[in-house]
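Counting starts at 1 for both ligands and their atoms, in listed order.
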Amino acid sequence: MKAAKDAGADLAEIRVDLLDASQQARWAEVIRGGVLPVIVTNRPEWEGGKSKQPEEERLQVLIEASQLGAAYIDVELAAVDTFAKLCESKAPIAAKRILSHHDFEAAMSLDEVRTTYKRMVAAGADVCKIAMAASSATDNATVFAALKEASDRPLILLAMGELGQCSRILAPKYGAYLTFASVGKGRESAPGQVATETLVSLYRFDSISASTHVFGVIGNPVSHSMSPALHNAALQAAGIDAVYVPLKVDDDVPGFIKAMVPFDFYGFSVTIPGKVPALDAMDHVEETTAKIGAMNTVVRKPGDALHGFNTDWVAAISAIEDALRDAGKSLSDCHVLCIGAGGAARGLAYGSLARGAKRVTIANRTVEKAEALAADIGSGADAMSLQALTAPGAPTFDVIMNTTSVGMHPNVDHSPVPQAILRETKPLVFDAVYNPLETKLLCDAKEEGCICVSGLEMFVRQAAEQFRLWFPDQVPDVGLMRSVVLARLQQA
Ligand code: NAP
C-alpha cells in the first residue's frame, strides 16, 4: 500500500481473490491502516478472477469491506441481484458501489457498451466499470467515444491488453473516473496495465485533461520504443499541453490513424511495420517522402488534413553533412556506399542523391533487392553484392552508411563490412544502429581514423524534425532529447 502511495497512486484496489493464504488474513488490516482509500474487489472465476468461493460467501467479503471503511466495493453487474438480496437484512452499505462488467474474450461495440452502461445506471451504480479485451487498436475509439458521452454516472472504461494500453494512459483526457495501474513493473493485475510510477512520471498522468492534445508512436512491436520518453520530455520542457503514447497497431494502420483523429490525436510517429501502409491514410505526402515510398511522421493540419513526411532520411543525411562540413568536405564530392536495401536504405539512398551526392552504390545481402532499389532510384544509383566489396578492383567510397541491423544488440560482435575496406580511403562511416551506441563497425572505423556518425544522431534528429513539424512555433530541446535517449541506452 505504501509502495502504491509512494509511486503516486490516489487510491488502491485490494484484489482479495488474488491474495495468497497468508495475505488473506491481512486485507482487513490494510483497510484499517488508512494509507490510501481502497476499492475492494473479490472477483469470481466466472468473471475472470480467482475466487472459487460460493457466491454469498464471496459477496459477504464486500459487505465486510464496507463495514471496515473501504471507500468502494466492486460488484459484478451479473451479481448485483444476489448482492442486493444479501444486503437486505444488513446495515446500509457505506462504500460506493462500482458495478463492473468484464469481457476478456472480445471487444464490445459502442452499442454494447452503451447498453451495459445503462443497465449499470439502472441497477444503482455509484460508478460504472467496463473492461473489454482489445481485439484491434481501433477499439480504443469505442472507449473514447463512450467515455465522452457518458453523463449519468462516472464511468471507468478501458480496453485491455497492449492494443488497448493508450485507453488506460489517456483515461483523464476523455473523462474516465479513474484508471488502473500496477504497483510496479511485473505486478500487473490485468493485461496492458502500466506501472503507476511510469504513468505519473513518464506520461504526466496528473496533468492530462480534456484539453490535452495526443501524439503517439504507431508500431508493432512498440513497447521497446524510446520515442515516448524522448517526446514526453521535450513536450514537458516546452510547456506544451500534450502527451505522447505508445500505440501498438497490428492490423489496419491507415484505419487506426483515421479513427483516432476525432479524439484529438494531432500527430503520429510511425515505425516498423507501418511506414508504408500509413501512406494510404494521408491526404498529402511530401515530395521526397512520396519518392521514397515510406513515411515515419503524420502531421494533422488545420481542417484535419493528414500530411505524411519522412524525417528519417533528413536526420541521417544532415548528421552526415554536418560531420563532413566539420572536416572541410561536402556530400557533393562523395561516392556513397549504402549497405542494406530495406526501408532505411531507401530513404538514405534517395536522400543522399537529393542532397547532391555524386553517386550511391547499394550493397545488400540479397543482391536482387539492391538492384531493384538502384533501378527504382534511377540515375546516380547502382548495386553490388556485399562480397564484391572486397573483390580485387572494388570501388572505394567517401561515405559508408550501414542501414542493416547487423551489429545491433545482442549481436554486437558483428559488422556488415570487413575492417580492411575502411583502411585505405578512410571514409566517413555512419551506422543506423544505435544500440549499442558504438557498434563494431564504428569501433573499426574509429580504429582506422575515419569520421564516425552514430545512429543515435539519426534517432534524435528524426524526432527533433517531427517536433518541428508538429509545433512550427517551438524549438525542440535537442540536447534534452539526446540525453533522455542516452540515459535509456545506458540503463538497457
Ligand atoms: P528492413 O527494411 O527490414 O531492412 C533490413 C536490411 O538489413 C535488409 O537490407 C537486410 O538484407 C539487411 N540484413 C538484415 N540482417 C542481415 C544480416 N544478418 N546480414 C546482412 N544483411 C542483413 O529494416 P530497416 O527499416 O531498413 O531498418 C534497418 C536498420 O536501421 C535497423 O537496425 C533499424 O533499427 C535501423 N534504423 C535506425 C533508425 C535510427 O533512427 N537510428 C531509424 C530507422 C532504422 P536482406 O534484404 O538480404 O534481408
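Of the protein's non-hydrogen atoms, Val406 CG2, 3.4 Å is the one closest to atom 19 (N) of ligand 1. Closest protein heavy atom to atom 48 (O) of ligand 1: Arg365 NH2, 2.9 Å. From the protein, the heavy atom lying nearest to atom 10 (C) of ligand 1 is Asn364 OD1, 4.0 Å. Considering only non-hydrogen protein atoms, atom 42 (C) of ligand 1 sits nearest to Met458 CE, 3.4 Å. In this structure, atom 29 (C) of ligand 1 lies nearest to the protein heavy atom Thr403 O, 3.4 Å.
Of all non-hydrogen atoms in Asp241 and Ser207, the two that sit nearest each other are OD1-O, 4.2 Å. In plain terms, the two heavy atoms of Phe430 and Leu441 that are nearest each other are O-CD2, 4.4 Å. Across all non-hydrogen atoms, the minimal contact from Ile400 to Pro427 is CD1-CG, 3.7 Å.
Those atoms of ligand 1 that come under 4.0 Å of a heavy atom in Ile272, given as number and element, are 25 (O). Which parts of ligand 1 touch Gly340 is read off a 4.0 Å heavy-atom cut-off, strictly below it: atoms 9 (O). Those atoms of ligand 1 with a heavy atom of Met408 less than 4.0 angstrom away are 32 (O).
At a heavy-atom cutoff of 4.0 Å, ligand 1 is contacted by the side chain of Tyr434 but not by its backbone. Contacts of Thr404 with ligand 1, taken as heavy-atom pairs under 4.0 Å, involve both backbone and side chain. For His414, no heavy-atom contact with ligand 1 is shorter than 4.0 Å.
Salt-bridge annotation for Asp398 and Lys329: absent, with no side-chain N of the basic residue lying under 4.0 Å from a carboxylate O of the acidic one. A salt bridge does not link Asp283 with Lys301: none of the charged nitrogens is closer than 4.0 Å to a carboxylate oxygen. The residues Asp322 and Arg461 are annotated as salt-bridged, a charged nitrogen and a carboxylate oxygen being separated by less than 4.0 angstrom. Under the 4.0 Å criterion applied to side-chain N and carboxylate O atoms, Glu47 and Arg43 are not assigned as salt-bridge partners.
Not a single heavy atom of Pro416 sits under 4.0 Å from any atom of ligand 1.
Atom 33 (C) of ligand 1 lies below 4.0 Å from none of the non-hydrogen atoms of the protein. Shown here, atom 3 (O) of ligand 1 is out of close reach of the protein: none of its heavy atoms lies under 4.0 Å off. Atom 12 (C) of ligand 1 is flagged as protein-proximal [any protein heavy atom, distance under 4.0 Å].
Aromatic ring pairs are classed by plane angle as parallel below 30°, tilted from 30° to 60° and perpendicular above 60°; the pair Tyr266 and Phe215 is tilted. Classified by interplanar angle (parallel below 30°, tilted 30° to 60°, perpendicular above 60°), the ring pair Phe397/His335 is perpendicular.
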Item to check | Candidate pair Leu235 and Phe467, rule side chain to side chain contact (heavy atoms under 4.5 Å, CB included), full reasoning | outcome: CA-CA 9 Å; Leu235 291 169; Phe467 190 98; 4.1 Å; yes

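In this structure, the side chain of Arg300 engages the main chain of Val261 through a donor-acceptor pair within 3.5 Å. Between the side chain of Thr366 and the backbone N or O of Glu368, no donor-acceptor pair lies under 3.5 Å.
Every N/O-N/O distance between Lys275 and ligand 1 stays at or above 3.5 Å. Some N or O of Thr366 is nearer than 3.5 Å to an N or O of ligand 1, by distance alone. For Lys369, a nitrogen or oxygen atom sits less than 3.5 Å from a nitrogen or oxygen atom of ligand 1, counting backbone and side chain alike. In terms of polar-atom proximity, defined here as any N/O pair under 3.5 Å, Asp312 makes no such contact with ligand 1. Some N or O of Gly455 is nearer than 3.5 Å to an N or O of ligand 1, by distance alone. Not a single N or O atom of Leu386, backbone or side chain, sits closer than 3.5 Å to an N or O atom of ligand 1. At least one N or O atom of Ala341 sits closer than 3.5 Å to an N or O atom of ligand 1. Taking only nitrogen or oxygen atoms, main chain and side chain alike, Ala344 reaches within less than 3.5 Å of ligand 1.
Crowding of Arg187 atom CZ: a count of heavy atoms from other residues, nucleotides or ligands under 6.0 Å not exceeding 12.
Aromatic ring centroids of Tyr350 and Trp313 lie 6.0 Å or more apart.
Distances from atom 36 (N) of ligand 1 to the heavy atoms of Ser405, Ala345, Ala432 show the closest one on Ala432.
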